[in-house]
Amino acid sequence: MGTNPVPNKKLAIFTATGCRACENAILDIHYQVSSLARCADIAFWPYMLGSEVRDLEKQESIDVCFFAGAIRTSSDREAALKLREKSRIMVACGACAAFGGMPGLVNISQWSVVSGQSQRTMDNKQQTNEEEKPELPPLESRVLGLPQIVKVDYLVPGCPPTQNFLWAAIQSLVCNGQSPARLSFAASRLPEAIAQAITSGILPPKGSIFAGEKAVCASCSRVKEEKRFETYKRPYQAYEELGRCLLEQGLVCQGITTQEGCGGLCTAMGQPCRGCFGKAEAIFDPGAKMVSAISSTFDSNDAQEIAALVDDIVDLVGTFYRYTLPTQCALFSTPSKD
Ligand code: SF4
Ligand code: SF4
Ligand code: SF4
């Protein structure tokens, strides 16, 4: 395909349980997609090529796999295991693969109940039309992030990942040594190790996360005035004051606990951060840290008032762990495969 003396990399792109916007994001690197086409051959991509997991048997090996989506069904697990077996580099692409994502919120339900309902739905359908027996893969007992079932080499978080870090991942993992090094759309936000990997052509250290090094607050354009809020507000209730920190205005903004990298995309538009890049490195549990941050920003020192305020937050788990419940909530997570 290319004229480069270095052989093209074999690329696999796959979504397990997810919305496929991560795959679209890979194409959303604008004109840089031509650089990708010059240094990679797509060996496996169900979404664009109609590939099937059994086709992987024909592949001797894959150089880089971008795996999106959470592990929710037996076929997700089968694909993850097979792609790991075949791939030299496995990348968890997007919040669903990296952390369990929004599909992972189902883990707060009693799984036996959910599973039972699902089975009943299938049974009903089978009774109404025997000819159309759905062949749905069995559900896993709980939704998992990719690192919980296979060893993952790199993470590109976000829902979906942002162009700058996806392009950085493609340059350093796929195009390294094959295309002229060009730093990212926003090179200034790349951690040093990743910027160096792009320019040197040497792979970044295993385990690297293609994201910033601090929390979203560090790159948010809003100003913190060290003021306390008096009333908690939901986004539709607030006429936010332009330029002021949303948390200090009473909106539950998770920029404090979330890994930087998007540059504060949501907060710039007046919407609170919901944590799609996962927790910042220094944070142990993002939900617990958010309760603490809200408590200290609320204009009260009364423990009961503070507890009532936190209780008042609608869908506490769905807010604080929207993208991360299976992997980053201390109560629900299980260890990753090392
Ligand atoms: S991380 Fe977001 S964009 Fe990617 S598959 Fe999951 S829901 Fe879709
Ligand atoms: S809490 Fe939210 S709005 Fe406030 S500075 Fe941090 S990211 Fe910006
Ligand atoms: S502001 Fe938060 S939710 Fe929005 S893109 Fe950035 S990390 Fe994701």
Side-chain angles (χ1 to χ4, degrees), residues 13-28 47 66-72 76 91-106 143 145-146 155-166 186 189 209-212 214-229 233 235 238 240-280 283 286 289-290 292-294 296-297 319-327:
I13 302 172
F14 182 77
T15 294
T17 292
C19 74
R20 292 197 182 277
C22 283
E23 293 181 74
N24 289 335
I26 292 174
L27 295 175
D28 197 24
Y47 186 37
F66 282 87
F67 191 104
I71 309 301
R72 191 174 186 197
D76 294 338
V91 183
C93 180
C96 291
F99 315 123
M102 283 188 272
L105 284 173
V106 79
V143 174
L146 185 64
L155 264 62
V156 190
C159 181
T162 48
Q163 291 163 338
N164 57 332
F165 283 107
L166 258 178
R189 289 208 299 270
I209 301 177
F210 285 82
K214 298 180 180 168
V216 172
C217 291
S219 57
C220 173
S221 54
R222 292 177 176 269
V223 178
K224 285 191 156 199
E225 298 175 348
E226 307 294 325
K227 285 187 182 165
R228 293 172 148 214
F229 69 89
K233 300 180 197 124
E240 45 102 13
E241 283 178 48
L242 292 177
R244 262 195 70 205
C245 169
L246 296 170
L247 185 61
E248 291 183 358
Q249 295 183 56
L251 286 146
V252 177
C253 179
Q254 286 170 248
I256 270 175
T257 58
T258 302
Q259 183 115 8
E260 194 266 334
C262 68
L265 275 179
C266 302
T267 57
M269 302 305 292
Q271 291 300 310
C273 173
R274 283 289 174 259
C276 78
F277 267 63
K279 69 181 183 64
I283 305 288
K289 178 69 183 172
M290 274 310 296
S292 153
I294 289 168
S296 57
T297 319
T319 302
F320 293 158
Y321 302 102
R322 182 165 299 178
Y323 302 96
T324 58
L325 190 76
T327 51

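For ligands, and for the atoms within them, numbers begin at 1 and follow the listed sequence. Since the structure is predicted, the reported quantities are computational estimates derived from the model, not experimental observations.
- With ligand atoms numbered from 1 in the order given, ligand 2 contributes 3 (S) to contacts under 4.0 Å with heavy atoms of R222.
- Note on C266: not counted as a metal contact of atom 6 (Fe) of ligand 3, no N/O/S atom lying under 2.8 Å.
- At the top of the distance list for atom 2 (Fe) of ligand 2, counting protein heavy atoms only, stands C253 SG, 2.3 Å.
- Counting heavy atoms from C-beta outward, L247 and V252 have side chains that stay 4.5 Å or more apart.
- Side-chain contact check for T17 versus I71: every heavy-atom pair is 4.5 Å or farther apart.
- For ligand 3 and F277, the ligand atoms under 4.0 Å from any heavy atom of the residue are 7 (S).
- Proximity to G158 (heavy-atom distance under 4.0 Å) selects the following atoms of ligand 1: 1 (S).
- Contact annotation for A68 and ligand 1: no heavy atom of the residue comes within less than 4.0 Å of the ligand.
- At least one N/O/S atom of C220, from backbone or side chain, sits under 2.8 Å from atom 8 (Fe) of ligand 2.
- When distances to atom 6 (Fe) of ligand 1 are checked against a cut-off of 2.8 Å, C22 contributes no N, O or S atom below that limit.
- In terms of protein heavy-atom proximity, atom 4 (Fe) of ligand 2 is closest to C245 SG, 2.4 Å.
- The shortest heavy-atom contact between P286 and T324 is CG-OG1, 4.3 Å.
- Residue R274 approaches ligand 3 through these ligand atoms, each under 4.0 Å from one of its heavy atoms: 2 (Fe), 3 (S).
- Side-chain contact between C245 and V223 is absent, with no heavy-atom pair separated by less than 4.5 Å.
- Side-chain N or O atoms of Q254 include one that pairs as donor or acceptor with a backbone N or O of F320 at under 3.5 Å.
- Every atom of ligand 2 with a heavy atom of G255 under 4.0 Å away is listed here by number and element: 7 (S).
- In this structure, of P161, A95, A25, G69, the residue bringing a heavy atom nearest to atom 1 (S) of ligand 1 is A95.
- For ligand 1, the atoms sitting less than 4.0 Å from at least one non-hydrogen atom of P160 are 3 (S), numbered in the order shown with element in parentheses.
- Counting atoms of ligand 1 from 1 in the listed order, those under 4.0 Å from a heavy atom of A21 are 3 (S).
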Test log, rule side chain to side chain contact (heavy atoms under 4.5 Å, CB included), inputs R72 and V106 | CA-CA 10 Å; R72 191 174 186 197; V106 79; 3.8 Å; yes
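- Ligand 3 places these atoms under 4.0 Å from at least one heavy atom of C273: 1 (S), 2 (Fe), 3 (S), 7 (S).
- Counting heavy atoms closer than 4.0 Å to ligand 2, residue K224 contributes side-chain atoms (C-beta onward) but none from N, CA, C or O.
- Contact check on E225 versus R244 returns a salt bridge, with a Lys/Arg side-chain nitrogen under 4.0 Å from an Asp/Glu carboxylate oxygen.
- K214 places no side-chain N or O within 3.5 Å of a backbone atom of A218 that could act as its donor or acceptor partner.
- Considering only non-hydrogen protein atoms, atom 3 (S) of ligand 2 sits nearest to L246 N, 3.2 Å.
- Side-chain contact between C273 and T258 is present, with heavy atoms from C-beta onward closer than 4.5 Å.
- Of the possible polar contacts, none joining the E260 side chain to the S219 backbone as a donor-acceptor pair under 3.5 Å is found.
- Looking from atom 6 (Fe) of ligand 1 to the surrounding protein, the closest heavy atom is C96 SG, 2.3 Å.
- Counting the atoms of ligand 3 from 1 in the order shown, those under 4.0 Å from a heavy atom of T258 are 7 (S).
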Pair R228-E248, side chain to side chain contact (heavy atoms under 4.5 Å, CB included): steps then yes or no | CA-CA 6 Å; R228 293 172 148 214; E248 291 183 358; over 6 Å; no
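- Here is the list of ligand 3 atoms found below 4.0 Å of a heavy atom in C262: 1 (S), 5 (S), 6 (Fe), 7 (S).
- The ligand atoms of ligand 3 that sit less than 4.0 angstrom from a heavy atom of G275 are 2 (Fe), 3 (S).
- The ring of F99 has its center no closer than 6.0 angstrom to the ring center of Y323.
- At the shortest separation from atom 8 (Fe) of ligand 1 among protein heavy atoms lies C19 SG, 2.2 Å.
- Proximity of C93 to P161: side-chain heavy atoms (C-beta onward) are separated by under 4.5 Å at one or more points.
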